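All figures in this text were calculated on a predicted structure; none of them were measured in a lab.
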Amino acid sequence: MTVLVGTEFGEYRSKVFRYYEQKKYREALAVAREASKNFPDYDAKTSFWIACLENRLGNHDEAIQSLQRATKRGVWWPPGTLQDSDLDSIRNRPEFRAVEDDCRRLQQQAPKIGKRELMVRVPTGYSDRENWPALVVFHARGGERPELSAEEWLPVVSTGTILAAPWSSQVVGSDVRCWDDWELSERDVKWAFDELGSKYRLNLDKVVLGGFSQGGALSIYSVLKRLVPCRGFVAVAPSDWVRLEEKRATERKELSEPFASFVKASDCRGLRGAIIIGDKDPFFPKIEQLYALMVERGLDGELVVEPGLGHQYPDGFEGKLNRAADFVLGDAKKATR
């Protein structure tokens, strides 16, 4: 098992995004360059930040050169990433189209399956003399390494809960993964649970699965299919699919048919689940349908709707996560370890 150590990269990322939101692009660029120097393993991330920020500053040639240098080092990004609006002003330049061609070529050459990884964080005072609650969290499509993708979930450790965050084996970019293949995802979920259980003492009555976006959908899928022993799920802004749909959520009125069929065929009795989602999330109308189907099939559920929120984590997520986990655990929360 690969247990990832903590890094300071998340702090750099937060600074870059904070400056970006404040439109302080020059300051954000300085932080991105420092992160590039200090964290070479995050080359795909930092070189892309630098390109976007250079372009925002009007340095179009420098933006393209950042992308070109990265592709020469073997870095590539999926097509959706290169559609970022920060790059709109250079999108039609021949050099940018050449970068897109390089990325397609590198993607074709890259292995489709990568090494599984698992980040584990344990509470202060952890001891293998007793069994512990655990939250296993799945990343979104295009998920970064677990120390980044699970950042919002880290406070749960302070409640005396083990946090485990697997990184899918399915490669979708130089440093990002997805859960598109159901069969591979099932194997990854089981592998992560087996690895976690082999190293740490778990209270199987207090195991919860969670995730964001596609990872939220995977948490629902895994619980309903009873892939691993667990109490239920906490899904945040879940998509209504695990396998990628041809049309985006905004282009569909109906719930994903494969996922709907799976839920209709599931026995949800004895399972508990909480969904946290914004009413401005493009998946919201579909998730309402999905939730109703699960309740109809016997789920003891809770749907928390955040007014005005899009496809993102809500403010005050730590408290909302704790309340959702308490709901899922129910009477088990009151029991001793």
Within-4.5 Å side-chain heavy-atom neighbours: R226 and L271: yes

Under a 3.5 Å distance rule, please check whether H139 uses its side chain to pair with a backbone N or O of S168 as donor and acceptor. yes

Hey, any chance V223 and V295 share a hydrophobic cluster, counting ILVMFWY side chains that come within less than 4.5 Å of each other, even indirectly? yes

Restricting to non-hydrogen atoms, name the atom on P238 and the atom on I220 that form the minimum distance, rounded to 0.1 Å. CB-CD1, 4.3 Å

Would the Y12 and Y42 ring centres measure less than 6.0 Å apart? no

Might you work through the side-chain contact (heavy atoms from CB on, under 4.5 Å) test for S47 and L67, ending with a clear yes or no? CA-CA 7 Å; S47 56; L67 299 174; 6.0 Å; no

Salt bridge between R105 and D102, side-chain N to carboxylate O under 4.0 Å? yes

More than 12 foreign heavy atoms under 6.0 Å from OH of Y19: is that the case here? no

Find out whether E302 and R323 are in side-chain contact, i.e. whether some heavy atom of one side chain is under 4.5 Å from a heavy atom of the other. no

I50 CD1 to D43 CG distance, which is reported to the nearest 0.5 Å: 8.5 Å

Shortest non-hydrogen contact from W132 to S127? NE1-O, 2.9 Å

Going from CD1 on I113 to CZ on R177, what distance comes out if it is rounded to the nearest 0.5 angstrom? 9.0 Å

Please give me the minimum heavy-atom distance between V137 and G211, naming the atom from each residue. CG1-CA, 4.2 Å

Give a yes or no answer on whether the side chain of T161 reaches the backbone of P133 with a donor-acceptor pair at less than 3.5 Å. no

Salt bridge (charged side-chain N to carboxylate O under 4.0 Å, His left out) against D181, all qualifying residues, sequence neighbours excluded: none

Measuring from atom CG of N92 to atom CD of E95, what distance do you get when rounded to the nearest 0.5 angstrom? 11.5 Å

Distance flag, aromatic centroids of F9 and W49, threshold under 6.0 Å: yes

Parallel, tilted or perpendicular, judged at 30° and 60°: which one describes the rings of F262 and Y221? tilted

Do other residues, nucleotides or ligands put more than 12 heavy atoms under 6.0 Å from D88 CG? yes

Please check if any side-chain donor atom of N203 sits under 3.5 Å from a side-chain acceptor atom of E130, or the reverse. no

Quick one, R272 with D300, criterion salt bridge (Lys or Arg N to Asp or Glu O under 4.0 Å). Give me CA distance, side-chain angles, the key distance, then yes/no. CA-CA 5 Å; R272 309 192 90 182; D300 185 359; 2.9 Å; yes

In sequence, state the C-alpha distance, the side-chain angles, and the governing distance for D188 and F138, and then conclude on side-chain contact (heavy atoms from CB on, under 4.5 Å). CA-CA 10 Å; D188 285 351; F138 305 120; over 6 Å; no

Would you indicate whether the side-chain heavy atoms of F39 and T46 approach each other to under 4.5 Å? no

Checking the side chain of R141 only, and the main-chain atoms of C178 only, is there a donor and an acceptor separated by less than 3.5 Å? no

I'd like to know if the side chain of S185 and the backbone of W179 have a donor-acceptor N/O pair within less than 3.5 Å. yes

Has D240 got a side-chain atom pairing as donor or acceptor with S256's backbone, closer than 3.5 angstrom? yes

Nearest atoms (heavy-atom pairs only) where V234 meets A324: CG1-CB, 3.9 Å

Which residues pass the salt bridge (charged side-chain N to carboxylate O under 4.0 Å, His left out) test with R297, not counting sequence neighbours? none

same_hphob_cluster(L57, I64) at 4.5 Å side-chain heavy-atom cutoff: no

N-O pairing of R56 and D86 below 4.0 Å: yes

Should T81 and P78 count as side-chain neighbours, where that means a heavy-atom distance under 4.5 Å? yes

Within a radius of less than 6.0 Å around CD of Q109, do more than 12 heavy atoms belonging to other residues, nucleotides or ligands occur? yes

Report yes if the side chains of V236 and F317 come closer than 4.5 Å at any heavy-atom pair, otherwise no. yes

Considering only NZ, NE, NH1 and NH2 on the basic side and carboxylate oxygens on the acidic side, decide whether E8 and K15 come within less than 4.0 Å. no

Got a second to check how far E11's CD is from E151's CD, nearest 0.5 Å? 8.5 Å

Minimum heavy-atom separation for R91 and R97, please, with both atom names. O-CG, 4.0 Å

What pairs with S174 under side-chain hydrogen bond (donor to acceptor under 3.5 Å, both in side chains), at least two apart in sequence or on another chain? none

State whether the side chain of R116 and the backbone N or O of S169 hold a donor-acceptor pair below 3.5 Å, judged by distance alone. no

Short side-chain to backbone donor-acceptor contact, T71 and Q68, under 3.5 Å: yes

Using modelled atom types and a 3.5 Å cut-off, is there a donor and acceptor pairing between side-chain atoms of Y313 and backbone atoms of A237? no

Is a side-chain N or O of T159 found less than 3.5 angstrom from the main chain of V156, in a donor-acceptor match? yes

Would L218 end up clustered with L255 when hydrophobic side chains under 4.5 Å apart are linked, directly or stepwise? yes

Between E186 and K225, is the salt bridge (Lys or Arg N to Asp or Glu O under 4.0 Å) condition met? List the steps. CA-CA 10 Å; E186 287 189 22; K225 197 161 185 182; 2.7 Å; yes

In chain order, what residues pass the salt bridge (charged side-chain N to carboxylate O under 4.0 Å, His left out) check against E144, with sequence neighbours excluded? R13, K45

Is there a path from F212 to V328 through hydrophobic residues (I, L, V, M, F, W, Y) whose side chains come within less than 4.5 Å of each other? yes

All heavy atoms of H311 vs all of P282, minimum pair found to be CB-CD, 4.2 Å

What pairs with D279 under salt bridge (charged side-chain N to carboxylate O under 4.0 Å, His left out), at least two apart in sequence or on another chain? none

Quick check: are there more than 12 heavy atoms from other residues, nucleotides or ligands sitting under 6.0 Å from NZ of K280? no

Looking just at side-chain N and O atoms, do E257 and S261 make a donor-acceptor pair shorter than 3.5 Å? yes

Between W77 and F48, how do the two ring planes meet: parallel, tilted or perpendicular, split at 30° and 60°? tilted

Would you check if the side chain of Y291 reaches a backbone N or O of G301 as a donor-acceptor pair within less than 3.5 Å? yes

Under a single-linkage definition using a 4.5 Å side-chain heavy-atom cutoff for Ile, Leu, Val, Met, Phe, Trp and Tyr, are L118 and V176 assigned to the same hydrophobic cluster? no

Sequence neighbours left out, what passes ring pair (Phe, Tyr, Trp, His ring centres under 6.0 Å) with Y25? Give chain and number order. Y20

